[in-house]
Amino acid sequence: MRLATWNVNSVKARLPRLLDWLAGTAPDVVCLQETKCPDGAFPATEVGELGYTVASHSDGRWNGVAVLSRVGLADVTVGFPGEPGFPEPEARAISATCGGLRVWSVYVPNGRTPDDPHYAYKLAWLAALRDALDTELANRAPLAVCGDFNVAPTDDDVWDPALFVNSTHVTPPERAALAALRDLGLSDVVPTPMKGPHPFTYWDYRAGMFHQNKGMRIDLVYASAPLARAVRSAYVDREARKGKGPSDHAPIVVDADLTPTVESF
DNA sequence: ATGTCCAAAAGTTTTGGA
């Protein structure tokens, strides 16, 4: 099983690159975030030609998440029980069962600044996600929660921690919210960087940040125990951040040998 | 230059969000 997650920053703007990347990387299951396409506008035909079935959740101009699978796509759930809104629930979570793996694609609210109402929304959203996953994990199936969490788990996950004092993405409450997810039994599948010591997944478009490797690790794969035991390797595909017209995020690719672990449960 | 990119409103430019 090859599982991937990628914040594409508009699936429409990224479509040529997405199709090339799917053909070259050949993931079995892909979680996408920030698809930014209106309901019904997901390019399902184009990805379908590469063998993928799509489940997408959209609310128009912003947000938007999707799951692509070529190993089956069943029991699709849009959002989750108790999901907070701003003020209405947004298109930030979708889950599906793909080839025996339960997969969640999540796009956690940004938070903007710690004194902004969006920050309280972010924390409430993460707390509600924790509760929903607690219920879902009770069935002990292999599960992956993939996406843009908009939180850097440690100071090593930002290029210069000193610059992030009083900023979102690194505050203790945000990191505690991630720890609460791990306390459910989810493991952080830390990918290998292709270059440098830090597996950054996001680099701002501005000021040559990618070129200088001034990035952040805010895209995460959280794996339940049966999946974590099956993981063989994981990497950040920084090649996908290069060249003309990239997303500001790079994909994470995880290879797992799921079958024996599934049978052990 | 708070530096870029995206989508949408109303357009050949501005705005909000990240």
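These numbers were taken from a predicted model, which means no experiment stands behind them. Every chain is numbered from 1, with letters handed out A, B, ... down the list of sequences.
Looking at heavy-atom distances under 4.0 Å, A:Phe210 makes no contact with the nucleic acid at all.
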Which donor-acceptor pairs under 3.5 Å do the side chains of residues 160-167 of chain A make with protein atoms, sequence neighbours left out?
from, atom 1, to, atom 2, distance (Å)
A:Asp160, OD1, A:Ala162, N, 3.1
A:Ser167, OG, A:Phe164, O, 3.4

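Judged by closest nucleotide on DNA chain B, A:Arg61 is the one of A:Arg61 and A:Asn150 placed further toward the 5' end. Summary of the strand contacts: A:Val11 and A:Asp148 both lie near DNA chain B, and taking for each the nucleotide with the nearest heavy atom, the more 5' one is attributed to A:Val11.
Residues forming a salt bridge (Lys or Arg N to Asp or Glu O under 4.0 Å) with A:Asp157 (at least two apart in sequence, or on another chain): A:Arg217.
Between A:Asp28 and A:Arg70 there is a salt bridge, since a side-chain N of the basic residue sits under 4.0 Å from a carboxylate O of the acidic one.
Within the structure, every pair that satisfies the side-chain hydrogen bond (donor to acceptor under 3.5 Å, both in side chains) test and touches residues 52-67 of chain A, not counting sequence neighbours, is listed here: A:Asn63-A:Arg92. Listed by first and then second residue, the ring-ring contact (aromatic ring centres under 6.0 Å, His included) pairs that reach into residues 172-205 of chain A are A:His198-A:Phe200, A:Tyr202-A:His249, A:Trp203-A:Phe210, sequence neighbours excluded. Annotation: ring-ring contact (aromatic ring centres under 6.0 Å, His included) contacts involving residues 216-244 of chain A, sequence neighbours excluded, comprise A:Phe149-A:Tyr222.
Between the P atoms of B:dA1 and B:dG16, the separation comes to 23 Å (whole Å). Between the C1' atoms of B:dT15 and B:dA10, the separation comes to 11 Å (whole Å). Using atom P as the reference point in both B:dT2 and B:dT13, the two lie 24 Å apart (nearest Å).
Nucleotides of DNA chain B lying under 4.0 Å from heavy atoms of chain A occupy a range whose first and last members, 5' to 3', are B:dG3 to B:dA18.
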